[in-house]
There are 2 protein chains.
Amino acid sequence: MKVKQIRAIKATLDIVCGKWKAAILLVLVGKTLRFSEIKASLPKINHQTLIKQLKELERDGLLERTSYDEAPPRVEYTLTEYGEDLEELLTHMMSWGEKHLELKKQPLEEDEVIIDNFEEERVTSQ
Amino acid sequence: MKVKQIRAIKATLDIVCGKWKAAILLVLVGKTLRFSEIKASLPKINHQTLIKQLKELERDGLLERTSYDEAPPRVEYTLTEYGEDLEELLTHMMSWGEKHLELKKQPLEEDEVIIDNFEEERVTSQ
DNA sequence: CTCCTAGGTACATTAAAATATACTTCTTAC
DNA sequence: GTAAGAAGTATATTTTAATGTACCTAGGAG
């Protein structure tokens with residue numbers, strides 16, 4: 001019985017446990033972004049790593065990659081419906097994790113800032 | 001804003017993403033087990049790995065280690081209240097992961113069986 | 001005395017994930 | 001014709017995680 005449980009849990013973890021996976025998914029919730037935009041949102045990610053993790057997320061059916069035949073190239077990424085389903089789980093992880101951060105009261109370290117906080121400026125400057 | 005979100009999510013993932021962490025936690029839900037019992041539930045885990053992951057889970061406040069001064073030694077592990085809270089999240093991961101397994105219809109591979117299915121026999125043989 | 005047990009430690013090795021550096025392609029802008 | 005930009009590929013290197021093998025301890029059983 002637990003055999004089946006752990007199998008499903010591991011399936012989830014295998015998808016979401018890459019160093020940048022959660023951040024990529026979070027950045028894509030509710031919008032379509034180009035490769036360069038995702039990269040700009042995640043200023044510290046390595047170029048190769050981003051490519052690899054996007055490929056894995058695509059392979060796992062969480063996002064869709066659309067490539068336009070232009071030069072310079074344009075490639076856009078969106079969450080699939082299935083990927084959007086993950087948002088709820090991410091929210092759940094968030095609330096559990098907040099409790100942990102409170103318990104530990106760890107100060108925020110500089111290199112922990114993984115997502116660029118540019119959302120607001122972006123929206124108002126349009 | 002997403003900076004805070006991702007930080008909390010990463011806190012959760014950092015705790016739960018070890019190869020055997022979810023299995024260990026799942027096996028401990030609702031009961032206290034000795035080191036050797038945990039190991040028996042996870043027949044394929046490496047000895048060192050189990051020790052290391054238990055230490056990390058203890059450090060992160062998810063479980064409590066009680067050592068009795070006997071020989072041969074006896075050491076018991078239980079989830080803390082905080083660790084028990086995680087059960088709900090694991091359940092959530094499970095239901096999301098089941099959907100994924102259905103989509104992919106991956107056959108169960110032999111070496112994917114990570115938890116020993118000994119629960120029932122155990123209970124009835126007591 | 002030697003062996004066995006449980007829960008370790010110490011150290012070496014392998015495998016997997018992430019990072020760094022350089023190169024490619026096509027087209028428009030200078 | 002040279003440079004710049006987007007989204008890559010290719011390859012090497014570093015970092016981290018997981019494994020494998022051997023050894024330690026105390027007391028009870030033979």
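Here is how names work: the chains are called A, B, and so on, in the same order as the sequence lines, proteins then strands, and each is numbered from 1. Computed over heavy atoms, backbone and side chain alike; hydrogens, waters and symmetry mates excluded.
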Tell me whether A:Lys55 at atom NZ has more than 12 heavy atoms from other residues, nucleotides or ligands lying less than 6.0 Å away. no
Return the residues of residues 42-53 of chain A meeting this criterion: a heavy atom under 4.0 Å from some atom of DNA chain C. Order them by number, or give none. A:Asn46, A:Gln48, A:Thr49, A:Gln53
Minimal heavy-atom distance between A:Thr32 and A:Glu37, with the atoms involved, is O-OE1, 4.4 Å
Please say whether more than 12 non-hydrogen atoms of neighbouring residues, nucleotides or ligands are located less than 6.0 Å from NZ in B:Lys44. yes
Examine C:dG7: is either OP1 or OP2 under 4.0 Å from a nitrogen or oxygen in the side chain of B:Arg34? Give yes or no. yes
Please give, in whole Å, the distance from D:dA7 P to A:Leu33 CG? 11 Å
To the nearest Å, how far apart are B:Leu13 CG and D:dT16 C1'? 17 Å
With the side chain of B:Lys55 defined as its heavy atoms from C-beta on, choose the nearest nucleotide among C:dT9, D:dA6, D:dG27. C:dT9
Does D:dT19 have its OP1 or OP2 closer than 4.0 Å to a side-chain nitrogen or oxygen of B:Lys19? yes
Rounded to whole Å, please give me the gap between CG in A:Asp111 and C1' in C:dT19. 15 Å
How far apart are the closest heavy atoms of A:Leu33 and A:Ser41, and which atoms are they? CD1-OG, 4.5 Å
OP1, OP2 of C:dG7 versus side-chain N and O of B:Ser36: anything below 4.0 Å? yes
By nearest nucleotide on DNA chain D, pick out whichever of B:Trp20 and A:Glu76 is the more 5' one. A:Glu76
Calculate the interatomic distance between A:Glu70 atom CD and C:dT25 atom P; express it in whole Å. 20 Å
For D:dA26, take OP1 and OP2 only and decide whether either is under 4.0 Å from a side-chain N or O of B:Arg74. no
To the nearest angstrom, how far is B:Asp69 atom CG from D:dT25 atom P? 16 Å
In whole angstrom, what separates A:Lys39's NZ from C:dT19's P? 12 Å
Side chain to side chain donor-acceptor pair (under 3.5 Å): pairs with one or both residues in residues 88-101 of chain A, sequence neighbours excluded: A:His92-B:His92, A:Lys99-B:Asp85, A:His100-B:Tyr82
Using atom CG of B:Asp14 as one end and atom P of D:dT16 as the other, report the distance to the nearest whole Å. 13 Å
For A:Gly61 and A:Thr80 the tightest heavy-atom approach is O-OG1, 2.7 Å
I'd like to check the ring pair (Phe, Tyr, Trp, His ring centres under 6.0 Å) partners of A:Tyr77; sequence neighbours left out, ordered by chain and number. none
For a quick check of understanding: with a heavy-atom distance under 4.0 Å over all strands, which category does A:Tyr68 fall into, base, sugar-phosphate or nothing? nothing
